Protein chains: 2
Amino acid sequence: MPTATLEPADSIRAAGLRVTTQRLAVLGALENMPHADADAIHRRVRSTQPDISLQSVYVVLGALTDAGLLRRIEPAGSPARYERRIGDNHHHAICTGCGAVQDVDCAVGHAPCLTPAPPAPLPGTGTGTGAGTGDVAGFRITTAEVTYWGLCPACQHLPASHPDKKENA
Amino acid sequence: MPTATLEPADSIRAAGLRVTTQRLAVLGALENMPHADADAIHRRVRSTQPDISLQSVYVVLGALTDAGLLRRIEPAGSPARYERRIGDNHHHAICTGCGAVQDVDCAVGHAPCLTPAPPAPLPGTGTGTGAGTGDVAGFRITTAEVTYWGLCPACQHLPASHPDKKENA
DNA sequence: GCACTTGTTGTGAGTGATTCATAATAAGGA
DNA sequence: TCCTTATTATGAATCACTCACAACAAGTGC
């Protein structure tokens, strides 16, 4: 039994949290719509729990995120999104046209972004101080986040008719 | 290649914008405090222009960003920050303790995060200008953004307190 | 130097996303 | 089943930012 496909109720319990219908509903919603934002999750959850409020969804999302059951990503210029895929250090490609988010496995295979210090040390000039393992500019790095910005396949074929998203170079 | 060594007034003019005292003040403020947010910039600018409003600072920042004179970064969980270092594809290390931001040159040297597909033979001459367009999950990638999260040197030596709120001045 | 055009700024209100405070409710152990 | 305490519901509040529009001033022509 793969650990990642634990029953939602079990994973909630395993995290030391109480199992509630709201939390199950939120996890269930994210099962079908990865990278959804709070509002989308709220709409989806309301189909089974019409009385749940958006604020309660926020509370649930916060609790599940704190417990490590969800990962929260915050693309620049768009509301926070949540995903169930946790535990690996995958990255994200975000469409500047429609805002779609796609998981991207670290294709290089050895988490290069997590340990940016190359085998040969940097010349310690200017901003680049000598870096040890997991150290960047004197920082003790714990996480590296890579976001690719571009056009999704669908938007590549559109005549640039989605101006709702700003492109900051 | 309009470098940052241009006089602020010249770079504003070169971008096709009118030179105003407000814009000069904002650029001047960012000269001394890289990675400042709008509020910090506003406070700094008010020392020379006491009547400028925060909204006007936002307008100026937006104009300068659109003109390519500033780069806007939006770390998760903190307001947008602005920096004058543009034109290169450097990354950022952000302290989870105090929110400090540090520039990080692409340590691997050949923009690995921009072209994660292993067989793609990217000419290393670009040095991370963001010009390479790789394909990730069908996306046509134009920009790759790398954010390292960790503890800055100062916060590494502090007892494990999480203020979570930073004051950058 | 002066008037004019038009880009910029100032101002207050408005918006979207998220959090806070607190009372009501329900999950899970005794 | 009861009881404790985690969890949810609710409305207000906050935070970062944008909008509309009138007032102003930078740059241009004379």
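Below, chain A is the first sequence line, B the second, and so on; all start at residue 1. A quick note: this is a predicted structure, and the numbers were derived from the prediction, not measured.
Remark: B:H42 engages no residue in a ring pair (Phe, Tyr, Trp, His ring centres under 6.0 Å) (not counting sequence neighbours). Remark: A:A67 engages A:A15, A:L17, A:L69 in a side chain to side chain contact (heavy atoms under 4.5 Å, CB included) (not counting sequence neighbours). Here A:T21 pairs with nothing under the side-chain hydrogen bond (donor to acceptor under 3.5 Å, both in side chains) rule; sequence neighbours left out. For B:E145, the side-chain hydrogen bond (donor to acceptor under 3.5 Å, both in side chains) partners two or more places apart in sequence, or in a different chain, are A:W149. With sequence neighbours excluded, no residue forms a salt bridge (Lys or Arg N to Asp or Glu O under 4.0 Å) with A:D66. Partners of B:R46 according to the salt bridge (Lys or Arg N to Asp or Glu O under 4.0 Å) rule, which considers only residues two or more places apart in sequence or in another chain, do not exist here. Annotation: salt bridge (Lys or Arg N to Asp or Glu O under 4.0 Å) contacts of A:R72 (sequence neighbours excluded): A:E74. Evaluation of the salt bridge (Lys or Arg N to Asp or Glu O under 4.0 Å) rule for A:R71 yields A:E83 as partners, not counting sequence neighbours.
Taking atom CZ on B:R72 and atom C1' on D:dC17, their separation rounds to 8 Å, with Å as the unit. Across the protein-nucleic acid pair, A:D37 atom CG and C:dA17 atom P stand 7 Å apart, rounded to whole Å. Here D:dC17 presents its P atom at 9 Å from CG of B:L61, a figure rounded to the nearest Å. Counting to the nearest Å, the P atom of D:dG27 and the CG atom of B:D10 are 11 Å from each other.
Taking five base pairs at each end of the helix from C:dG1-D:dC30 to C:dA30-D:dT1, the local helix axes there meet at an angle of 30°, rounded to 10°.
Among residues at least two apart or in separate chains, side chain to side chain donor-acceptor pair (under 3.5 Å) pairs with a member in residues 54-63 of chain A are A:S53-A:S56.
Using a 4.5 Å cut-off on side-chain heavy atoms (C-beta onward), B:L27 and B:L70 make contact.
If you find the closest nucleotide of DNA chain D to B:R13 and to B:Y58, the one lying nearer the 5' end belongs to B:Y58.
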Checklist outcome for this item: B/S/- along nucleotides 3-12 of chain C (protein heavy atoms under 4.0 Å) is ---BBSBBBB
Using nucleotides 28-30 of chain D, report all nitrogen or oxygen pairs with the protein that are shorter than 3.5 Å.
none

